S.K.: 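Just passing along the structure, written as structure tokens.
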Amino acid sequence: MNSENQNREMNPIRVGVLGFGGLGQAAARVLAPKTEMKWVAAADKKGCAYNSEGLNPDSCINTYHHQGSVGFVEPWGILCDDGIGELIKTAAVDGYFLALPNLPNTFMASVAQQFIKSGWRGVLVDAMKRTSAVEQLLELQTELQAAGITYMTGCGATPGLLTAAAALGAQSYAEIHSVKITFGVGIANWEAYRATIREDIAHMPGYDVATAMAMSDAEVEALLDKTDGKITLENMEHADDIMLELAGICPRDRVTVGGVVDTRNPKKPLSTNVQITGRTFEGKISTHTFTLGDETSMAANVCGPAFGYLKAGVKLHRRGIYGLFTAAEVMPHFVR
Ligand code: NAD
């Protein structure tokens, strides 16, 4: 190993978190005990913060809660309209987790384009959910490759952990008949995950991304009051389908996603699972079921995989492998 490679192996991966809401804050906490990654940068809608020696999760989360932006964090914060652009210009970061709302449905692709245009090189990871949103990134494949960006998409829980589990479980079969993802999410209050809840409402009958995005907080409250705080979803437009199709597992119409979100109780309303049904080479039809532990939160099941894929992305990037990858194509690496 030459000395440059040795240095890279020893130095922690410098990580930035874009979006500092529910998932962004959980991401900071997930990273705190890690030695292979160092959390150095964060951005939200009103500003950003950067410290090459590492940011303190408690002080950033406190500041965000009391003052509304990491831009107020002393002395590392800056208040500005384009925290992402500011970090691209000034921060030394190997990889970013995009814990951003994808509202409108084109927002994440526009952030990817901002990175491409800036000349920044490194790894980007998202936990994006909609099939049409991943399709927009697929169109950027050539530009991402040319820019020297390794972009890992759909790397949360679903899509993400469960899609990867389906890709793994499929290996027992000669043909895949169905992949059925059912999720249960329990959160104590919807305000902790506003984008997640608005994006879920956008899947309800009679709603779309534009109407959910335009809803005031009071309108979201009123809707949740009618359903006792629960959102029940079926046949969602979820990128697990295109990711499994791209990975060659099965056509997208064999993949279904639905679930229940309880916004008033951290206990999961049902156990999150993926069922992979197929035919073995002997002609037997069977179903594998992978069920997440009920004690694991949405934040744990999104942020853990996101950083596992970020580490995998950094390895690809260091080998000169750029472009778009999905969670069903690459194994996440465990971050110590
Ligand atoms: P949130 O509403 O709690 O927080 C969003 C954050 O993004 C806020 O800090 C806000 O200030 C910031 N932000 C908004 N616009 C910005 C901009 N232009 N520049 C910088 N920052 C900006 O969001 P959340 O509930 O944590 O969800 C984040 C995303 O994660 C959502 O898109 C959601 O769908 C996704 N998600 C994915 C999974 C999965 O399993 N794949 C699960 C849950 C959530």
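For ligands, and for the atoms within them, numbers begin at 1 and follow the listed sequence. The structure presented is a predicted model; accordingly, all values stated were derived computationally and were not measured.
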S.K.: So if I count the atoms of ligand 1 from 1 in the order they appear, which ones are less than 4.0 Å from some heavy atom of F20?
M.R.: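 Those atoms are 6 (C), 8 (C), 9 (O).
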
S.K.: How far is atom 37 (C) of ligand 1 from the closest protein heavy atom, and which atom is that?
M.R.: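 Atom 37 (C) of ligand 1 sits closest to the protein heavy atom A127 O, 3.0 Å.
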
S.K.: Can you confirm whether the side chains of Q114 and W120 place a donor and an acceptor under 3.5 Å from each other?
M.R.: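 Q114 vs W120: no donor-acceptor pair found between side chains.
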
S.K.: Any chance the rings of F115 and Y151 have centres within less than 6.0 Å?
M.R.: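 They do not qualify: ring centres at least 6.0 Å apart.
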
S.K.: Which residue and atom name correspond to the protein heavy atom nearest atom 24 (P) of ligand 1, and how close is it?
M.R.: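 It is T196 OG1, 3.5 Å.
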
S.K.: Work out whether the distance between some heavy atom of G160 and some atom of ligand 1 is less than 4.0 Å.
M.R.: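 No heavy atom of G160 comes that close to ligand 1.
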
S.K.: Do Q136 and T106 pair up side chain to side chain, a donor and an acceptor below 3.5 Å, judged on atom types alone?
M.R.: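 No - no donor-acceptor pair under 3.5 Å links their side chains.
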
S.K.: Does ligand 1 have a heavy atom under 4.0 Å from the side chain of M298, from its backbone, from both, or from neither?
M.R.: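 The part of M298 near ligand 1 is the side chain, not the backbone.
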
S.K.: Could you check which of Q114, K45, K129 puts a non-hydrogen atom nearest to atom 11 (O) of ligand 1?
M.R.: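 Nearest heavy atom to atom 11 (O) of ligand 1 lies in K45.
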
S.K.: Could you tell me if S59 and N62 have a donor-acceptor pair between their side chains, going purely by distance under 3.5 Å?
M.R.: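 No, no side-chain donor-acceptor contact under 3.5 Å.
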
S.K.: Looking only at heavy atoms of A192, does any of them come nearer than 4.0 Å to an atom of ligand 1?
M.R.: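 Yes; A192 lies near enough to ligand 1 that a heavy-atom distance drops under 4.0 Å.
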
S.K.: Can you tell whether the side chains of D217 and R198 come within less than 4.0 Å, N to carboxylate O?
M.R.: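 Looking at R198 together with D217, the answer is yes, because their closest N to O distance falls below 4.0 Å.
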
S.K.: Among all protein heavy atoms in this structure, tell me which lies nearest to atom 23 (O) of ligand 1, with the distance rounded to 0.1 Å.
M.R.: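 Answer for atom 23 (O) of ligand 1: A195 CB, 3.3 Å.
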
S.K.: Which donor-acceptor pairs under 3.5 Å do the side chains of residues 85-94 make with protein atoms, sequence neighbours left out?
M.R.:
residue: T90; atom: OG1; partner: E86; partner atom: O; Å: 2.7
residue: D94; atom: OD1; partner: R14; partner atom: NH2; Å: 2.9
residue: D94; atom: OD2; partner: R14; partner atom: N; Å: 2.6
residue: D94; atom: OD2; partner: R14; partner atom: NE; Å: 3.1

S.K.: Would you mind listing which atoms of ligand 1 come within a distance below 4.0 Å of any non-hydrogen atom of P159?
M.R.: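 Reading through ligand 1 atom by atom, the close ones are 41 (N).
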
S.K.: Starting from atom 17 (C) of ligand 1, find the nearest protein heavy-atom neighbour and note its residue, name and distance.
M.R.: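 Of every protein heavy atom, F107 CZ, 4.0 Å lies nearest to atom 17 (C) of ligand 1.
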
S.K.: Measure the spacing between CD1 of I116 and OG of S110 and express it to the nearest 0.5 Å.
M.R.: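 Rounded to the nearest 0.5 Å, the CD1-OG separation comes out at 11.0 Å.
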
S.K.: Among all protein heavy atoms, pick the one closest to atom 19 (N) of ligand 1 and tell me residue, atom and distance.
M.R.: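 For atom 19 (N) of ligand 1, the nearest protein heavy atom comes out as I84 CD1, 3.6 Å.
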
S.K.: Would you say the side-chain atoms of T296 and N301 include a donor-acceptor pair closer than 3.5 Å?
M.R.: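 Looking only at side-chain atoms, N301 and T296 do form a donor-acceptor pair, the distance falling under 3.5 Å.
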
S.K.: Identify the closest protein heavy atom to atom 32 (O) of ligand 1: which residue and atom is it, and at what distance?
M.R.: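 The answer is E199 OE2, 2.7 Å.
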
S.K.: Look at atom 5 (C) of ligand 1 and say which protein heavy atom is nearest, naming residue and atom and giving the distance to 0.1 Å.
M.R.: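 Heavy-atom neighbour on the protein nearest atom 5 (C) of ligand 1: P101 CD, 3.8 Å.
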
S.K.: Mind listing the side-chain donor-acceptor pairs of residues 329-336 below 3.5 Å, one per line with the distance, residues two or more places apart or on another chain?
M.R.:
residue: E329; atom: OE1; partner: T326; partner atom: N; Å: 3.0
residue: R336; atom: NE; partner: E36; partner atom: OE2; Å: 3.4
residue: R336; atom: NH2; partner: E36; partner atom: OE2; Å: 2.8

S.K.: Centres of the H66 and F72 rings: under 6.0 Å?
M.R.: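 No; F72 has its ring centre 6.0 Å or more from that of H66.
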
S.K.: At the 4.0 Å heavy-atom cut-off, does V302 count as touching ligand 1?
M.R.: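 Yes, V302 has a heavy atom closer than 4.0 Å to ligand 1.
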
S.K.: For A99, take its heavy atoms, then give the atoms of ligand 1 lying under 4.0 Å from any of them.
M.R.: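 Once the distances to A99 are compared, the set is 28 (C).
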
S.K.: Note the single closest protein heavy atom to atom 9 (O) of ligand 1, along with its residue, its atom name and the distance in Å.
M.R.: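 The closest heavy atom on the protein side is Y64 OH, 2.7 Å.
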
S.K.: State if G83 counts as touching ligand 1 under the rule of any non-hydrogen atom under 4.0 Å.
M.R.: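 False for this residue.
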
S.K.: How about F290 and L168: do any of their side-chain heavy atoms sit closer than 4.5 Å?
M.R.: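 F290 vs L168: side chains apart.
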
